[in-house]
Structures are given as structure tokens and as C-alpha cells.
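What follows is a short report on a single structure.
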Amino acid sequence: MGKATRVAYGEELAKLIQENKKIVVLDADLAGSTNSARAGKVAPERFFDMGIAEANMIGVAAGLAASGYVPFASSFAMFCTGRVWEQVRNSVAYPHLNVKIAGSHAGIAVGEDGVTHQATEDIAIMRAITGFEVYAPCDQYETKAVVDYVAATMNPCYIRLGRSAVEDVFDENTKIDVTKANVIRKGQKTAVFCTGLMVQNTLAAAEMLAQEGIDITVVDICAIKPCDEDGIEAILSTHENIFTAEEHSVIGGLGSLICEIATERCPKKIMRIGMRGFAESGSWSDLMKEYGLDANGVYSFIKEHLA
């Protein structure tokens with residue numbers, strides 16, 4: 001088992017804050033959970049705990065960005081997207097300020113905290129805001145590549161992170177282009193676009209399907225916005241059956257993105273795996289199973305629709 005993407009985020013942020021004196025880190029009284037506390041330990045003079053006040057945190061981040069700094073603002077995904085939508089839109093996106101927002105504990109894998117903490121609309125929210133870039137890395141190495149990439153841009157960005165440890169898809173020697181549609185496994189007639197921890201679950205499902213003679217292509221989509229439209233179109237045009245898999249609502253997230261590109265570039269029927277309502281409270285493994293997002297669920301969904 002590898003690391004949680006939130007842990008990789010904290011590790012890379014602690015490294016970057018020492019290398020770049022313009023980077024500042026803000027958190028909303030969740031620094032231990034988001035792992036931004038690591039940056040606070042190595043550069044306490046550029047770490048600010050804003051308390052349980054995400055709206056204020058985003059406003060301060062906007063002011064710091066307007067002053068030439070590169071702020072990384074962290075909180076739970078539910079709070080740094082939903083609670084602060086107005087501040088993100090009007091204070092960051094409209095003036096196009098260089099603010100990086102990291103939403104930890106995204107999706108239903110947050111577990112026992114329940115629906116109030118389960119961000120299953122955050123991709124849709126941030127994707128809809130003009131000028132914002134949206135990234136959902138699948139493992140520790142892709143997370144570190146995303147943090148490095150967004151730190152070097154001048155655009156407002158949202159990084160989606162998970163609570164639980166996940167298996168590694170890449171390794172430390174892999175050169176990852178986070179802006180591309182990365183083909184992790186090559187198959188034939190069927191392709192699955194997936195993001196975040198659904199990459200691992202889809203790869204596991206692919207192994208199960210392969211035992212039955214069904215060889216699927218698995219495509220990691222880390223960059224939700226802007227996305228690799230050419231790369232996605234290439235997969236759409238060379239595969240007969242198209243699926244998407246995300247730990248997010250099927251409305252407004254990856255599934256919607258692939259449908260939009262297919263509509264404009266390469267008309268296809270798209271079958272979406274994801275959340276279609278609120279979840280319950282429970283362990284993250286139980287919830288993934290309950291809503292068909294674990295490997296068995298992905299396997300069953302694909303098998304049923306191919307039949």
C-alpha cells in the first residue's frame with residue numbers, strides 16, 4: 001500500500017516552501033488532517049492557521065496572491081469548495097489571482113464523518129468557475145507532480161485529495177505529465193476513463209475482466225480542467241465501448257466532461273460509474289462497496305453493460 005494523496009501533498013508542499021520564498025500556506029484549523037502542517041514546521045513564518053473560517057482564508061489568500069505571493073490554501077474539500085464558492089468566484093477567479101486550493105478528504109472515502117463531509121460535487125463546482133484549473137491525482141507520485149506543476153503556473157488551481165492510503169500506480173522514476181490523458185493499461189474495444197482512487201479500482205477490475213477474456217483500456221485523467229481533449233478524442237475514436245469511473249457525482253464531474261468532448265468531437269454512448277445521490281455514514285471500504293465504486297463494483301458494472 002502506498003500513501004494517501006493528502007500525505008504526498010503535505011510532503012511536497014514542505015519541500016517547495018523551502019525552495020520558493022514566495023510560497024505561503026494557509027489552513028482552516030485542519031492542518032494535521034490536510035497535512036499542510038508539514039510546511040508549517042519547516043517554514044512557520046509563512047504558515048497561517050486561519051481557524052474555522054474558510055471564507056476568510058480564501059480572502060486572505062487572494063490578498064497574498066495580489067501582493068505577489070503564491071498561496072496554497074488547504075481544508076476539507078467539502079468546505080474549501082462548497083462553503084466558499086462566492087469568495088473563490090469573486091475574490092480569486094474573477095481577478096484571476098494565483099491561488100492554489102487543496103481540498104482534502106474528498107469523495108465518500110472520507111468515511112464515518114458522513115454526508116456533511118463527503119464532497120461529491122467539488123469537481124463540478126470548481127470546474128464550472130471560469131479560469132480555474134482542476135486536478136485529481138490518483139497516487140502519491142502523481143500528487144507530487146501536480147503540486148510541482150501548479151506551483152509553477154500563474155493560474156488559480158484546485159487539487160482534489162483523498163483521506164485514505166491508496167496503492168501506487170506510478171513509481172518514483174516515472175516522469176508524469178499531469179496535463180495528459182495517461183493510458184495506464186492498453187486494451188482493445190473497451191476503454192474506461194477514471195480519476196483519483198478510481199484508477200486503482202478500475203485497474204483491479206481490469207484484471208478480473210481479463211480473466212474472462214475482456215481486455216480493457218484504462219485511462220488516468222488527472223487534469224480535469226483544462227483537459228487533454230486530443231488525447232481523450234484519440235481514445236474515443238479507437239474504442240467501441242466507453243465508460244467513466246469517479247468517486248464523485250456523475251453530474252458535472254469526469255463523466256460529464258467525457259460526454260461533452262464526445263458530443264463535440266466523437267459521438268459515442270458513454271456509461272458513467274459514480275455517485276447518483278448522497279451516501280451514508282460508514283467505513284470507506286464499506287461505502288465504496290455499497291455504491292459500486294470498489295473493484296467488484298466496477299467489474300460488475302462493465303460486465304453488465306457489455307452484456
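Everything numeric here is computed off the predicted structure, so don't read it as measured data.
- Gly187 and Thr217 get closest at one heavy-atom pair: N-OG1, 2.6 Å.
- Between Val250 and Ser256, the closest side-chain pair of non-hydrogen atoms is not below 4.5 Å.
- By the 6.0 Å contact criterion, CD on Glu167 is open, its count of non-hydrogen atoms from other residues, nucleotides or ligands being 12 or less.
- Paired with Leu161 under the rule side chain to side chain contact (heavy atoms under 4.5 Å, CB included), one option of Tyr9, Tyr135, Phe76 passes, and it is Tyr9.
- Under a 3.5 Å cut-off, the side chain of Glu133 and the backbone N or O of Pro156 do not form any donor-acceptor pair.
- Under a cut-off of 6.0 angstrom, the local environment of CZ in Arg83 is crowded, with over 12 non-hydrogen atoms contributed by other residues, nucleotides or ligands.
- At least one side-chain heavy atom of Thr195 sits under 4.5 Å from a side-chain heavy atom of Ile224.
- Among residues two or more places apart in sequence or in another chain, the salt bridge (charged side-chain N to carboxylate O under 4.0 Å, His left out) test is passed with Arg127 by Glu260.
- For Glu264, the salt bridge (charged side-chain N to carboxylate O under 4.0 Å, His left out) test picks out no residue, with sequence neighbours left out.
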**OP:** Test side-chain contact (heavy atoms from CB on, under 4.5 Å) on Asp171 and Thr174 and set out the steps.
**Re:** CA-CA 5 Å; Asp171 61 49; Thr174 307; 3.2 Å; yes

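- Taking both residues in full, the closest heavy atoms of Trp284 and Ala109 are given as CB-O, 3.3 Å, listed atom of the first, atom of the second, then distance.
- Glu229 meets the salt bridge (charged side-chain N to carboxylate O under 4.0 Å, His left out) test with Arg265; sequence neighbours excluded.
- The backbone N or O of Ile184 lies less than 3.5 Å from no partner atom in the side chain of Asn182, so there is not a single donor-acceptor pair.
- One finds a salt bridge joining Glu11 and Lys3 here, because a Lys/Arg side-chain nitrogen approaches an Asp/Glu carboxylate oxygen to under 4.0 Å.
- Under the 4.5 Å side-chain criterion, counting only non-hydrogen atoms from C-beta, Gln200 is in contact with Asp139.
- Taking 4.5 Å as the limit, every side-chain heavy atom of Thr5 sits out of range of all side-chain heavy atoms of Arg163.
- When atom types are taken as modelled, the side chain of Lys100 and the backbone of Pro71 share no donor-acceptor pair closer than 3.5 angstrom.
- Scanning both residues, Met275 and Thr120, for their nearest heavy atoms gives CG-CG2, 4.1 Å.
- Looking at Val115 and Ser281, their side chains never come closer than 4.5 Å, going by heavy atoms from C-beta outward.
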**OP:** Step by step, work out the salt bridge (charged side-chain N to carboxylate O under 4.0 Å, His left out) result for Lys303 and Glu212.
**Re:** CA-CA 10 Å; Lys303 187 75 182 296; Glu212 301 180 22; 2.6 Å; yes

Subject >> salt bridge (charged side-chain N to carboxylate O under 4.0 Å, His left out) between Glu12 and Lys15, worked out >> reply: CA-CA 5 Å; Glu12 197 66 10; Lys15 174 177 159 239; 3.3 Å; yes

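- With hydrogens and angles disregarded, a donor-acceptor distance shorter than 3.5 Å links the side chain of Tyr291 to the backbone of Glu280.
- Between Gln140 and Asp168 the shortest side-chain heavy-atom distance falls below 4.5 Å.
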**OP:** Output, in order, the C-alpha distance, side-chain angles, deciding distance and verdict of side-chain contact (heavy atoms from CB on, under 4.5 Å) for Val218 and Cys194.
**Re:** CA-CA 7 Å; Val218 179; Cys194 40; 3.6 Å; yes

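- Looking at heavy atoms from C-beta onward, Glu54 lies in side-chain contact with Met57 at the 4.5 angstrom threshold.
- Taking a cutoff of 4.0 Å between a charged side-chain nitrogen and a carboxylate oxygen, Arg185 and Asp215 qualify as a salt bridge.
- Of all non-hydrogen atoms in Pro95 and Val92, the two that sit nearest each other are CD-O, 3.5 Å.
- Judged purely by atom type and a 3.5 angstrom limit, His248 uses its side chain to pair as donor or acceptor with the backbone of Ile123.
- Looking at every heavy atom in both residues, Ser91 comes nearest to Leu97 through O-CD1, 3.3 Å.
- The NE2 atom of His96 sits 4.0 Å away from the CG atom of Asn155 when rounded to the nearest 0.5 Å.
- Between the side chain of Gln18 and the backbone N or O of Ala14 there is at least one donor-acceptor pair closer than 3.5 Å.
- A donor-acceptor pair under 3.5 Å links the side-chain atoms of His239 to the main chain of Gln188, judged by distance alone.
- Under the 4.5 Å side-chain criterion, counting only non-hydrogen atoms from C-beta, Ile17 is not in contact with Leu13.
- Heavy-atom contacts from other residues, nucleotides or ligands closer than 6.0 Å to NZ of Lys225 number more than 12.
- When each of Ile270, Leu236, Asp228 is checked for a side chain to side chain contact (heavy atoms under 4.5 Å, CB included) with Ile261, only Leu236 meets the rule.
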